[in-house]
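Take a look at the structure set out below.
Hydrogens, waters and symmetry mates are skipped; everything else that's a heavy atom, side chains included, is used. Note that the structure is a prediction, hence the values are computed from the model and not measured. Residue indices begin at 1 and follow the sequence shown.
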Amino acid sequence: MSGVFGVYSKDKSVNIAEQIYYGLYALQHRGQQSAGIAVRDKDLIEWHKDKGLVPEVFKSQDLDKLPGDAGIGHVRYSSSGDVSKGNIEPLVLKYISGYMAIAKNGNIINANKLRGKLEADGCMFHTTNDTEVLAALLTKFRISSEHIEDSVEQMVKYIQGSYSIVMITPRFLIGLRDPLGIMPLCIGRINGATYVISSESAAIDAVDGEFIRDVEPGELVLIDSDGIQSRRLFDCKKSSLCIFEHVYFARPDSIVDGASTHDARVNAGRILAKEHPVQADVVIGIPDGGTDMAYGFAQESNIVAPAGLLRNKYVGRAFIAPNQNAREIAVKIKFNPVKTEVKGKRVVLIDDSIVRGTTTKTLVRMLREAGAKEVHLRIGSPPYKYPCYFGVDTSSRGQLLASKNDKETICEWIGADSLEYISYEGIIKAPVNSKVDFCTSCFTGVYPVDIPKEF
Ligand code: 5GP
Ligand code: MG
């Protein structure tokens, strides 16, 4: 999982690096491991990137060193420990037409195979990042194509997986989305002269931009002083947006492919209440994903939803803690029940998902310690059973609780009085007005593209 953000402006007074900084700040939830910005100034591309959160990586003097008229930025999420500095995006490289910068959200599942072939061909790599494989293909095809768009069109024939890409070339700011539209990408405009490409619409709001539209699955978008050009690279029949964008990843104030993430979560809560009602005194959502779902559940079941669980604002995503003990402590530091709201009450506890079960198990215990009489767990997505190969970190999915255990066993292990999940049909219809279909392989084990054997 990552966030990408690109800006192009005809207006010389626009500070490109600063706009990207604000955009990345708004996309911080999509990746906390590293951040980077690359900006094009005439024939050169300068960059600044490092491990850490956006405000840690960039000081104002770093941004001052990045003047120019177009640029891209990236925030990266990965749970598997140390990521080498060289892998931090955007990647900046020199190719036959000049400099290029590229940043991606997604996962190219045949990247290793392609890398092997390119290496056998004499190609040299500086990183182990699959994005560099795309750059290598692009530069290779650029030699024999008239325009960069032709080389992109060639490249996409070879790559499989999920990708929402932003790129800077000597001429364009480019946006590209895979033919299934697995990861989101959208376009905005600030004051007519400045264009933005972003993983999420909430980041367009953050730079005071106006949302124009989503980049469509399989679409290549090229932006320069002439405005936006578009090319459809595929004949897309069925799209496959990751359902977890609506369940968990995207900000609730984003609109993804036509559907409000907030509304999707509220609807999921309502559907959950209809499918699995419960006699209770209070509904409490586990922030952030469960908050909107709890709101919907409470509305539908006419039960109050007090702010019964404090979430420490200064703790990021606890999911990436290295071991089980550390994860439990992380949950305790992150959340604390408000005792006066739960003492003596029958509580419905709502979360967006159960992965390993650490969050819910720890919170059920904490609620009981705070005096809750009963704790009924309701989950706003179906059992998470199968690994994801498209960008959601698979290593952290190694202990998927629902892959080996049935509902009763999980309920007992977590220590709840009851446990129910939203149905598959329920979660599919929760994102109203969605213009796309969903990838639900983590629930079904049915993947939208063939998964290479090595996985
Ligand atoms: P568990 O504690 O069961 O292992 O994980 C479930 C919690 O992690 C839920 O509260 C959910 O919001 C969050 N979550 C679900 N998927 C992901 C993910 O891919 N990354 C991160 N950081 N958190 C996740
Ligand atoms: Mg959560």
Original post:
Under the side chain to side chain contact (heavy atoms under 4.5 Å, CB included) criterion, do Leu114 and Leu137 qualify, and how do the steps go?
Top reply: CA-CA 9 Å; Leu114 291 168; Leu137 284 173; 4.1 Å; yes

**OP:** Kindly write out the residues that satisfy side chain to side chain donor-acceptor pair (under 3.5 Å) with Asp437, not counting sequence neighbours, or none if the list is empty.
**Re:** none

Original post:
Is the backbone of Ser201 close enough, under 3.5 Å, to the side chain of Ser198 for a donor and an acceptor to pair up by distance?
Top reply: no

Original post:
With distance as the sole test, does Arg177 use its side chain to make a donor-acceptor pair with the main-chain N or O of Val215 at under 3.5 Å?
Top reply: yes

Original post:
Could Asp150 and Arg142 be called an ion pair, given the rule that one side-chain N must be under 4.0 Å from one carboxylate O?
Top reply: no

Original post:
Do Asp253 side-chain atoms and Ala202 backbone N/O form a donor-acceptor pair below 3.5 Å?
Top reply: no

**OP:** Decide, yes or no, whether a salt bridge links Lys435 with Asp257 under the criterion of side-chain N to carboxylate O below 4.0 Å.
**Re:** no

Using residues 54-68 as the side-chain source, report each donor-acceptor pair under 3.5 Å to any protein atom, sequence neighbours left out, with the distance given to one decimal.
unit_1	atom_1	unit_2	atom_2	d
Glu56	OE1	Leu53	N	3.0
Lys59	NZ	Pro55	O	2.8
Asp62	OD2	Lys59	N	2.7

Original post:
How long is the span from the CG atom in Asn107 to the SG atom in Cys388, to the nearest 0.5 Å?
Top reply: 8.0 Å

Original post:
Heavy-atom count around Phe172 CZ within 6.0 Å, excluding the residue itself: above 12?
Top reply: yes

Subject >> Inter-residue atom distance Phe297.CZ - Leu272.CG, 0.5 Å rounding >> reply: 5.5 Å

**OP:** Kindly indicate, with the supporting measurements, whether the criterion side chain to side chain contact (heavy atoms under 4.5 Å, CB included) is fulfilled by Ile228 and Leu222.
**Re:** CA-CA 6 Å; Ile228 305 180; Leu222 305 124; over 6 Å; no

**OP:** For the residue pair Lys104 and Thr131, confirm or rule out a side-chain donor-acceptor distance under 3.5 Å.
**Re:** yes

Subject >> side-chain contact (heavy atoms from CB on, under 4.5 Å) partner of Leu176, the single match among Val221, Val156, Leu134 >> reply: Val156

**OP:** For atom CG of Asp121, decide whether the heavy atoms of other residues, nucleotides or ligands shown that lie under 6.0 angstrom number more than 12.
**Re:** yes

**OP:** Specify the closest pair of heavy atoms between Asp352 and Gly289, including all atoms of both residues, with the distance to one decimal.
**Re:** OD2-CA, 3.4 Å

Subject >> Pi-cation contact, Phe125 with Arg115 (under 6.0 Å, within 45°) >> reply: yes

Original post:
If we only count heavy atoms from C-beta on, is the Ile37 to His48 side-chain gap below 4.5 Å?
Top reply: no

**OP:** Taking the side chain as every heavy atom from C-beta outward, state whether Leu185 and Ile165 have any atom pair closer than 4.5 Å.
**Re:** no

Original post:
Does Tyr195 reach the side chain of Val7, with side-chain heavy atoms less than 4.5 Å apart?
Top reply: no

Original post:
Got more than 12 heavy atoms from elsewhere within 6.0 Å of OH, Tyr158?
Top reply: no

Original post:
Okay, side chain of Ser164, backbone of Met183: is any donor-acceptor separation there less than 3.5 Å?
Top reply: yes

Original post:
Does Lys94 NZ have over 12 foreign heavy atoms under 6.0 Å away?
Top reply: yes

Original post:
Where does the angle between the aromatic ring planes of Phe244 and Phe443 fall among parallel (under 30°), tilted (30 to 60°) and perpendicular (over 60°)?
Top reply: tilted

Original post:
How close do Arg270 and Gly296 get, heavy atom to heavy atom, and via which atoms?
Top reply: CG-O, 3.5 Å

**OP:** Could you tell me whether a side-chain N or O of Ser199 sits under 3.5 Å from a main-chain N or O of Val4, the two making a donor and an acceptor?
**Re:** yes

Subject >> Separation of Ile223 CD1 from Ile174 CD1 (nearest 0.5 Å) >> reply: 10.0 Å

Original post:
Cut-off 3.5 Å, side chains only: do Ser9 and Asp11 have a donor facing an acceptor?
Top reply: no

Subject >> Partner of Phe5 under side-chain contact (heavy atoms from CB on, under 4.5 Å), chosen from Val196, Ile72, Val166 >> reply: Val196

Original post:
Considering all heavy atoms of both residues, which atom of Gly181 and which atom of Pro217 are nearest to each other, and what is their separation?
Top reply: N-CB, 3.6 Å

Subject >> Spatial distance of atom OH (Tyr384) from atom OG (Ser403) [nearest 0.5 Å] >> reply: 11.0 Å

Original post:
Distance from Ile182 atom CD1 to Glu245 atom CD, nearest 0.5 Å?
Top reply: 11.0 Å

**OP:** Flag the pair Lys237 and Asp235 as a salt bridge only when some basic side-chain nitrogen lies within less than 4.0 angstrom of an acidic carboxylate oxygen.
**Re:** yes

**OP:** Check step by step if side chain to side chain contact (heavy atoms under 4.5 Å, CB included) holds for His246 and Arg265.
**Re:** CA-CA 7 Å; His246 285 300; Arg265 289 178 194 162; 5.7 Å; no

Original post:
Just by modelled atom types, is the Ser2 backbone N or O under 3.5 Å from a matching donor or acceptor in the Arg30 side chain?
Top reply: yes

Original post:
Do the non-hydrogen side-chain atoms of Leu309 and Leu363 ever get within less than 4.5 Å of each other?
Top reply: yes

Original post:
Quick one: does Glu219's side chain have a donor or acceptor within less than 3.5 Å of a partner on Ser230's backbone?
Top reply: no

Subject >> Lys51 side chain reached by Ile88 side chain, heavy atoms, under 4.5 Å >> reply: yes

Original post:
Could you walk me through whether Ser225 and Tyr8 pass the side chain to side chain contact (heavy atoms under 4.5 Å, CB included) check?
Top reply: CA-CA 9 Å; Ser225 55; Tyr8 166 81; 3.4 Å; yes

Subject >> Sequence-distant partners of Tyr21, ring-ring contact (aromatic ring centres under 6.0 Å, His included), two or more places apart >> reply: Tyr25

**OP:** Please determine, by modelled atom types, if Asn87 and Thr128 share a side-chain donor-acceptor pair under 3.5 angstrom.
**Re:** yes

Subject >> Side chain to side chain, Gln19 and Thr194, heavy atoms closer than 4.5 Å >> reply: no

**OP:** Could you check Thr127, Asn105, Asn129 and say which one makes a side-chain hydrogen bond (donor to acceptor under 3.5 Å, both in side chains) with Glu89?
**Re:** Asn129

Subject >> Residues Glu153 and Arg231 bridged, charged N to O under 4.0 Å >> reply: yes

**OP:** Pick out which of Asn110, Leu118, Asn112, Ile108 makes a side-chain contact (heavy atoms from CB on, under 4.5 Å) with Val133.
**Re:** Leu118

**OP:** Kindly say whether Ser254 contributes a backbone atom to a donor-acceptor pair with the side chain of Thr261 at under 3.5 angstrom?
**Re:** yes

Original post:
Any side-chain heavy atom of Asp69 sitting closer than 4.5 Å to one from Arg40?
Top reply: yes

**OP:** Would you indicate whether the side-chain heavy atoms of Met100 and Thr139 approach each other to under 4.5 Å?
**Re:** yes

Original post:
So, does Glu275 use its side chain to make a donor-acceptor pair with the main chain of Ser423 at under 3.5 Å?
Top reply: yes

Original post:
Going by atom types only, do Tyr424 and Thr440 share a side-chain donor-acceptor pair under 3.5 Å?
Top reply: yes

Original post:
Under the 3.5 angstrom rule, does the side chain of Ser434 hit a backbone N or O of Pro431 as a donor-acceptor pair?
Top reply: no

Original post:
Between His276, Arg378, Glu420, which is the residue that forms a side-chain contact (heavy atoms from CB on, under 4.5 Å) with Val348?
Top reply: Arg378

Subject >> Flag if over 12 foreign heavy atoms under 6.0 Å of CG, Asn312 >> reply: yes

Subject >> Interatomic distance, Glu200 atom CD to Phe249 atom CZ [nearest 0.5 angstrom] >> reply: 10.5 Å

